[in-house]
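Below you'll find the structure, written out as structure tokens, and then a few comments.
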Protein chains: 4
Amino acid sequence: MGSLRPRSGGATEPDARTRILDAAEKLFAGGGYEATPTAEIARLAQVPKGLVFHYFPRKIDVLVALIDERTLVEEVPEVEAVPGDAAKSLSRLARRLPLRASPAMRRILFREADTHGSVRDRLGRLNGEIVRRARFALELALPTRRGDAARLEVAAVTFAAVLLHQENLCQLTGHHIDPDAVAELIAHALG
Amino acid sequence: MGSLRPRSGGATEPDARTRILDAAEKLFAGGGYEATPTAEIARLAQVPKGLVFHYFPRKIDVLVALIDERTLVEEVPEVEAVPGDAAKSLSRLARRLPLRASPAMRRILFREADTHGSVRDRLGRLNGEIVRRARFALELALPTRRGDAARLEVAAVTFAAVLLHQENLCQLTGHHIDPDAVAELIAHALG
Amino acid sequence: MGSLRPRSGGATEPDARTRILDAAEKLFAGGGYEATPTAEIARLAQVPKGLVFHYFPRKIDVLVALIDERTLVEEVPEVEAVPGDAAKSLSRLARRLPLRASPAMRRILFREADTHGSVRDRLGRLNGEIVRRARFALELALPTRRGDAARLEVAAVTFAAVLLHQENLCQLTGHHIDPDAVAELIAHALG
Amino acid sequence: MGSLRPRSGGATEPDARTRILDAAEKLFAGGGYEATPTAEIARLAQVPKGLVFHYFPRKIDVLVALIDERTLVEEVPEVEAVPGDAAKSLSRLARRLPLRASPAMRRILFREADTHGSVRDRLGRLNGEIVRRARFALELALPTRRGDAARLEVAAVTFAAVLLHQENLCQLTGHHIDPDAVAELIAHALG
DNA sequence: GATGAATGAGAATTCATTCAT
DNA sequence: TATGAATGAATTCTCATTCAT
């Protein structure tokens, strides 16, 4: 499990709070937030039950802390787009979503979107950021023509939809999408 | 709530089993499966608690019955596509997903995809059917060119992603997608 | 399962009441009276749940009927003892307990002795009858000596204990007793 | 009720776990395991319902703990037999069964033999130990003769049967056995 | 900070029994 | 006589949360 917080480095055993979050991350990703008892978090974290509530007074605080500390939507100004090559720019975006989070945290992010506002918000910001980057990449790649703004926006939104759809439902339904091919398709549509 | 089962027509009060499913549909869509106690289903359905278990021995059976009886993925051979007009064909598909289910059932379908295999399966079939129809629509609309099969497939998959993404996450994140615009974009990409 | 009631002979399917008792016999012997739901009796008997209560208004009536109709302690005057051969007489008794009941009913008889007075009574009568027969066998077999009445009684009671212990606990604990050897031992003690 | 665990001595109120086992011991002996609700155990123990499940996650664990902690089959090498006096040796054995358990626990041991394997095992070991001791007592008491091993074994098994039969069924059927008289009978048979 | 016993509301499920048909 | 839906109290078990130490 990936933490965004610096851990006490080397071979040291992570501290109790970290172990609790590690356990919750695994369990929430597996069975879901509602179906995971705090007692099981404690057991897996190898901490006494009471300690979970010492760090996280209510169960929901564990989820909030996970989202807060272990997912990061990268909203940096500089986006690595390839000027003049829309397809390549989108492919890059696909290969490296502006989301720093472990696979488990990604599952939680999508799965528990209904559970708490903070999760939903994070997901919304991720979507927004992907759209923003896709838009930027396309703007940078394409010769500026008038009247293209709307179409470019649609392309960006579409690409974001494909990426998030893949992250979320494709894993469940077993379908597969090749983002590179989609990138090329979209680039072609705008070209 | 929409039932695929024929109800006892007219103003007759629906029978107990139907009322239970009606109540479950509303509650699962609202608070989610795990967070909904069977007692609340019974209360809303105005039946004694025991009757819920008379019809559905375990709680999960209520969810399975809902998916089973109140969602239908239309897998019919004839698809109404407009020959020669890819964009219009896709737009039509967007306007009428091959999914017969109430808005509440749609919410349940996406929300509880992790909860039980039967939900996941249904969702997978929905995705598959949308892809199939999009593919068919595009094949019918476009002049047959060699080597385009792959690109056409990508277009179909992309369109399906957009539609399902809209049904699922757009409602949560507050973003919006105009399927018609996406349809046009894709048609243009293949045109 | 053995019924003491005459069944409708030949290959005819037994009637509902009989099937209910057949099912109860098997289930009570297997899991015990308390742990057997009436619904399961109905299921195994392949009769609707309501019919069980038609024939047996309360659940305990099923057990009482079983004991009543499917166990018989033979309290007949004529006992086949071998005059002059105590060991042989006891052996015969062991080989044919004065209890007409299927193995399942025997299990129920011992297992549910605490559950209802009628079961306890039947068991008491069985014990009494075995003692009576053992006593009779020994009296018949042995030359009448004064002062031996008490010892003979002890022998009879001992033999009954061995037989019932075997029927009851030996089956559970996996131990084994050879009644013939015990018969010989006792005969020797009195000889 | 006798506990094999050391209690907090003196007039101190026993702790919650002990009170739960005390209550269960009384209730299981009275009405039987199946017929005793955990809620009644809690009530009698004067602890909240939840605490029963804190210590014993499933109801059966209460029974298992009782058997485990409150019955002990004494399997010690040294057996106090009276050399040369078989009858007396057996009488001693009868007077002090190698079973450390309260009368209530004895009732539970025999009554719930079908309920759980652990009970059955304990009962089996008790039977085995009694046989072993009876055998030892007789070996010690009797002059060693050839070919008597089998008869001695039968005698031991018989005596064990009588003792356990008395503990178990005699209480139910109302019959009575005088172990001393049986001891004498057996001694006489081997004498 | 750490701990695990304690709490009790409430969850799922069971089940004997009733009853209208 | 036959049926299975209906009932609701009771039962086992869960679990977030508190709290004394």
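Computed from a prediction, not measured in an experiment: that's the story for all the values here. In what follows, chains carry the letters A, B, and so on, assigned in the order in which the sequence lines appear, proteins first and then strands, with residues in each chain numbered from 1.
- In plain terms, the two heavy atoms of V64(C) and S118(C) that are nearest each other are CG2-OG, 3.8 Å.
- Residues from residues 56-65 of chain D lying near DNA chain F, meaning a heavy-atom separation below 4.0 Å, are R58(D), K59(D) in numerical order.
- Qualifying side chain to side chain contact (heavy atoms under 4.5 Å, CB included) partners for D121(B), counting only residues two or more places apart in sequence or in other chains: none.
- For F53(A) and L51(B), each mapped to the nucleotide of DNA chain F holding its nearest heavy atom, the one lying further toward the 5' end belongs to L51(B).
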Trace of the side chain to side chain contact (heavy atoms under 4.5 Å, CB included) decision for L63(D) with I108(D)
CA-CA 9 Å; L63(D) 178 61; I108(D) 293 172; 3.7 Å; yes
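- For R19(B), there are no side-chain hydrogen bond (donor to acceptor under 3.5 Å, both in side chains) partners two or more places apart in sequence or in a different chain.
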Show the atom names and distances, to 0.1 Å, of all donor-acceptor pairs under 3.5 Å that link a side chain in residues 29-54 of chain D to residues at least two apart or in another chain.
residue	atom	partner	partner atom	Å
Y33(D)	OH	I60(D)	N	2.9
T36(D)	OG1	L27(D)	O	3.4
T36(D)	OG1	G32(D)	O	2.6

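- For residues 40-50 of chain D, proximity to DNA chain E is found at P48(D), K49(D), G50(D), defined as any non-hydrogen atom under 4.0 angstrom from a strand atom.
- The outermost nucleotides of DNA chain F lying under 4.0 Å from heavy atoms of chain C, listed 5' to 3', are dT1(F) to dA6(F).
- At the heavy-atom level, A16(D) lies under 4.0 Å from the strands shown only through sugar-phosphate atoms.
- Listed here is the closest heavy atom pair of A113(A) and L123(A): CB-CD2, 3.8 Å.
- Note on residues 50-60 of chain B: pairs passing salt bridge (charged side-chain N to carboxylate O under 4.0 Å, His left out), not counting sequence neighbours, are R58(B)-D61(B).
- Checked against side chain to side chain contact (heavy atoms under 4.5 Å, CB included), R120(C) has the following partners two or more places apart in sequence or in another chain: L172(D).
- The closest side-chain heavy-atom distance from F28(B) to R107(B) is not below 4.5 Å.
- Judged by distance alone, the side chain of R122(C) and the main-chain N or O of T71(C) form a donor-acceptor pair under 3.5 Å.
- Here Y55(B) contributes atom OH and L21(B) contributes atom CG; the two are 10.5 Å apart, rounded to the nearest 0.5 Å.
- Rounding to the nearest 0.5 angstrom, the gap separating the CD atom in E112(A) from the CG atom in D114(B) is 8.0 Å.
- By the 4.5 Å heavy-atom criterion applied to side chains, T18(B) and D22(B) are counted as neighbours.
- Expressed to the nearest 0.5 Å, how far CG of L109(D) lies from CG of L66(D) amounts to 11.0 Å.
- Taking every heavy atom of residues 27-38 of chain D and every atom of DNA chain F, pairs under 4.0 Å involve T36(D), P37(D), T38(D), by number.
- To the nearest 0.5 angstrom, R106(B) atom CZ is 12.5 Å from N168(B) atom CG.
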Once Watson-Crick and G-U wobble pairs under 3.5 Å are found, how is DNA chain E written in dot-bracket notation, 5' to 3', with | for any base paired to another strand?
.||||||||||||||||||||
